[in-house]
Amino acid sequence: MTIRRPVYFDSHATTPVDPRVLEAMLPFFTEHFGNASSTAHEFGLAAADAVDGVRRGVAEGLGAEPREIVFTSGATESNNLALRGVAEALKKRGNHIVTCATEHHAVLDPLVRLDRHGFDVTVLPVEPDGRLDSERLREAIRDETILVSVMFANNEIGVLHDVAAIGAVCAERGILFHTDATQAVGKVPIDVRALGIHLLSLSAHKLYGPKGVGALYVRRSEPRVRLIPQIEGGGQERGIRSGTLNVPGIVGLGKALEVALEDLPEESVRLAGLRDRLRERLLAELDEVVENGSVEHRLPHSLSLSFGYVEGGALVNALREDLAISTGSACSSEDPEPSHVLTALGRSRELARATLRFGLTRFTTIEEVDFAAQRVVDAVRRLRSHSPLYEMRER
Ligand code: PMP
């Protein structure tokens, strides 16, 4: 069987649109092109009906109510709306927000801005396995704390936080809990009520849906979460997020989530099997490899390994034609900054840069996994064969 190169292993960055999702979306570009707010005629009504259906589906998928789902342009916007919206709404009650060091920039950067503008943000470290200790969270909470934001699953190391424990600590102290679940939705089961989540961000393009569409879950009872809108205009989405709805995108999000949840039990077992095959082969054939993040509490399709005694840039170059894969650096410039997630786990700059983040997709085959394993083994061995440091290492 021939393998089309480069093989895609970057599903934390994005996923291809599933053909079933594309098929569901297409009529909403052409036949049903109406504005979902134009409910005076059938074009608008068809669009509004479709949006309502997706709202019900997304709500059901998360254990929420349809009126608790706000459609957005993606997780970056959902995170900004949640963090800034809550901060603005609750600023009279308190100014303290708690988050953790391994969050995505779409959480950290809005919080940096809030910190500059009168809020006090505590960034908690993570344990060596990448998880936040909920006891540490409990100790960080003060009388002025209004919000805790901790991601469901990390986008670089795939680690799943103990969201139930974090939710319980927040509930005990009567504090709102936001989770950036961009990497987790459709990959692991989520029930917002059972987990004590008050706000949850998600994005369609991480679950085989289109780019540029997502949602924010905002709890409307026990307690009712108040949010100050960050985008104002036509009053769509109950005034929480104005702007003409991206109907084809929303339909795509709905279909993507439906397919993902339907296939979740089978797909997560299958992908974890393929991921473990890749992991075991790399760990068996190469020494001086460090695995990043908890093995037990991890997304099924995710693997992050750091390769000692190789230079990150050289490793990426060696693999470029064969594998589409991300490394442990923020960008691919000449002197890339190592990822803040890997340094938070205690990795050195060099080791962080020599990291590969493997993200399998639902379309990844066993042949592709074996091909990837072989290419990585060959590349690392070849690079190390030129390394005096590797030769001289202490064994
Ligand atoms: N949060 C996490 C954890 C992510 O992985 C991403 C995407 N890289 C985002 C937020 C941003 O999502 P979007 O692309 O939908 O804005």
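In listed order, ligands and their atoms are each counted from 1.
Closest to atom 13 (P) of ligand 1 by heavy atom, among Ala75, Gly214, Ala204, is Ala75.
Of the protein's non-hydrogen atoms, the one nearest atom 8 (N) of ligand 1 is Lys206 NZ, 2.7 Å. Looking only at protein heavy atoms, the nearest one to atom 1 (N) of ligand 1 is Asp180 OD2, 2.6 Å. Nearest protein heavy-atom neighbour of atom 4 (C) of ligand 1: His104 CD2, 3.3 Å.
In terms of modelled atom types and a separation under 3.5 Å, the side chain of His340 and the main chain of Thr343 share no donor-acceptor contact.
Residue contact check for ligand 1: Glu77 places no non-hydrogen atom closer than 4.0 Å to it.
At most 12 non-hydrogen atoms from other residues, nucleotides or ligands lie less than 6.0 angstrom from NZ of Lys91. Other residues, nucleotides and ligands contribute at most 12 non-hydrogen atoms within 6.0 Å of the CD atom of Glu42. Annotation: Glu23, atom CD; neighbour count of heavy atoms from other residues, nucleotides and ligands within 6.0 Å does not exceed 12. Within 6.0 Å of CZ on Arg113 lie no more than 12 heavy atoms contributed by other residues, nucleotides or ligands.
Residue-ligand proximity, His205 to ligand 1, at heavy-atom distances under 4.0 Å covers atoms 13 (P), 14 (O), 15 (O). Taking every heavy atom of Gly74 and a limit of under 4.0 angstrom, the matching atoms of ligand 1 come to 15 (O).
Here the rule is side chain to side chain contact (heavy atoms under 4.5 Å, CB included) with Val86, and of Leu114, Leu147, Leu81 only Leu147 fits it.
Residue Thr76 touches ligand 1 through backbone and side chain together, judged by heavy-atom distances below 4.0 Å. For Met151, every heavy-atom contact with ligand 1 shorter than 4.0 Å involves the side chain, none the backbone.
The aromatic rings of Phe9 and Phe358 sit perpendicular to each other, their planes meeting at more than 60°, with 30° as the lower class boundary. Using the six-membered ring where Trp is involved, Phe28 and His32 have ring planes that are tilted, between 30° and 60° apart.
Residue-to-ligand polar distances keep Ser73 apart from ligand 1: every N/O pair is separated by 3.5 Å or more. Considering backbone and side-chain atoms alike, Gln183 places an N or O below 3.5 Å from some N or O of ligand 1. Inclusion of Ser203 in the set of residues having an N or O under 3.5 Å from an N or O of ligand 1 is warranted.
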